[in-house]
Amino acid sequence: MSGFVEKPEPIQVPGLVHLHTGKVRELYRNEAGDLVMVASDRISAYDWVLPTEIPDKGRVLTQLSLWWFDQLTDLVPHHVLSTELPAGAPADWEGRTLVCKSLRMAPVECVARGYLTGSGLAEYQESRTVCGLALPEGLVDGSELPGPIFTPATKAAVGEHDENVSYEEVARQVGADTAAQLRQATLAAYTRARDIARERGIILADTKFEFGFDGDTLVVADEVLTPDSSRFWPAEQWEPGHAQPSYDKQYVRDWLTSAESGWDRASEQPPPALPQHVVDATRAKYVEAYERLTGLGWS
Ligand SMILES: Nc1ncnc2c1ncn2[C@@H]1O[C@H](COP(=O)(O)OP(=O)(O)OP(=O)(O)O)[C@@H](O)[C@H]1O
Ligand SMILES: [Mg+2]
């Protein structure tokens, strides 16, 4: 079991058609045919959307994604048209709503990895490959790879995990030219972001991009380089050989797996509400990530 403890009712706004409730975001279409993406304060851990929200998370991640889109524009254009609130939208959508160009999406989760962990590590331990790419011997959880690699995945149905696929499989699905474009853009954007984060004491272990096409032009869509789409590790605590602390969710994970929470991860029971001190510490980590990465103050 996984997913929502209780799926939220989407807010209805005149002129907007609600399309989709994601784990974290609500998706609408406006009358011009553009997408309206609204990031909530929901947080997920261990495949569950938790029953407790993290105040300001939606705004922090939206502003972080916008900042990153800007850092990447010379590499690839992005899909954001406006940050203006649609007429009639609730005032609290401010800062966490993006009006985006509706694109023909490539059906591939474009993951770049510079470090080995998660599903990459699992495949490596079986076959010394990730997405079919051969890697050197002797790598452990958290090891830096010789260079960044493109490890695509296919989008899974709701409640299921994305499945890693080989580059050849992507080329079969989208064509060789598009596959090459996706790989090139993914690795260029990852490398740019990795270097920016590294200067600021944060390791960007891996990240996922989603691309679409506006006519023939490749455009980066969805959200980029947020803690929800990326693994950020505090550089000063990096120590290969075991799971690295997560920049944003470590307090949540530690508390959920502690005796205090009373929750058994294996039980298939939904996780309990987070106590205030975990909420506060987690909010502070999101703000810290934003401030460290962008060099800007969070108001
Ligand atoms: N510019 C765009 N044009 C068309 N579709 C887009 C664009 N940007 C993002 N999308 C799509 O919008 C959807 C956003 O959904 P969202 O990420 O909130 O939920 P999800 O992907 O179903 O689940 P999860 O919460 O696990 O990410 C995704 O299907 C994404 O591919
Ligand atoms: Mg998504």
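Remember, it's 1-based here, ligands and their atoms both numbered in the order they're listed. Keep in mind the model is a prediction, meaning the values are calculated, not measured.
Between atom CD of residue Glu26 and atom CG of residue Leu16 there is a gap of 12.0 Å, rounded to the nearest 0.5 Å.
Counting heavy atoms closer than 4.0 Å to ligand 1, residue Lys23 contributes atoms from both its backbone and its side chain. Residue contacts with ligand 1, taken as heavy atom pairs separated by less than 4.0 Å, do not involve Glu26 at all. Residue contacts with ligand 1 for Glu223 are absent, since no atom lies close enough (heavy atoms, distance under 4.0 Å). The side chain of Leu27, and not its backbone, has at least one atom closer than 4.0 Å to an atom of ligand 1 (non-hydrogen atoms only; side chain from C-beta on).
Between Cys100 and ligand 1, no N or O atom pair is found at a separation short of 3.5 Å.
Listed by number with element, the atoms of ligand 1 under 4.0 Å from a non-hydrogen atom of Gly22 are 18 (O), 19 (O), 25 (O). Atom numbering of ligand 1 starts at 1 in the shown order; those under 4.0 Å from a heavy atom of Leu35 are 2 (C), 3 (N), 4 (C), 5 (N), 6 (C), 7 (C). Those atoms of ligand 1 with a heavy atom of His20 less than 4.0 angstrom away are 15 (O), 19 (O), 20 (P), 22 (O). The distance from ligand 1 to the heavy atoms of Ala221 drops below 4.0 Å at these ligand atoms: 1 (N), 7 (C), 8 (N). Atoms of ligand 1 found under 4.0 Å from any heavy atom of Ser102 (numbered from 1 in listed order, with element): 3 (N). Ligand-side atoms of ligand 1 in range of Glu210: 30 (C), 31 (O), range being under 4.0 angstrom from any heavy atom.
Using a 4.0 Å cut-off between a side-chain N of Lys or Arg and a carboxylate O of Asp or Glu, Asp222 and Lys208 qualify as a salt bridge. Ion pair Asp248/Lys285 not flagged as a salt bridge, since none of the NZ, NE, NH1 or NH2 atoms sits closer than 4.0 Å to an Asp/Glu carboxylate oxygen. Of the charged side-chain nitrogens involved, at least one lies within less than 4.0 Å of a carboxylate oxygen, so that Lys57 and Asp228 count as a salt-bridged pair.
Because its NZ or CZ atom is both nearer than 6.0 Å to the ring centre of Tyr167 and within 45° of the ring axis, Arg183 counts as a cation-pi partner of that residue.
Looking at Glu123, its side chain does come within 3.5 Å of a backbone N or O of Gly132 through a donor-acceptor pair. Under a 3.5 Å cut-off, the side chain of Tyr28 and the backbone N or O of Gln12 do not form any donor-acceptor pair.
Residue-ligand proximity: Gly212 is placed with every non-hydrogen atom at 4.0 Å or more from ligand 1.
Residues Ser166 and Arg172 bring no donor and acceptor atom of their side chains to less than 3.5 Å of each other.
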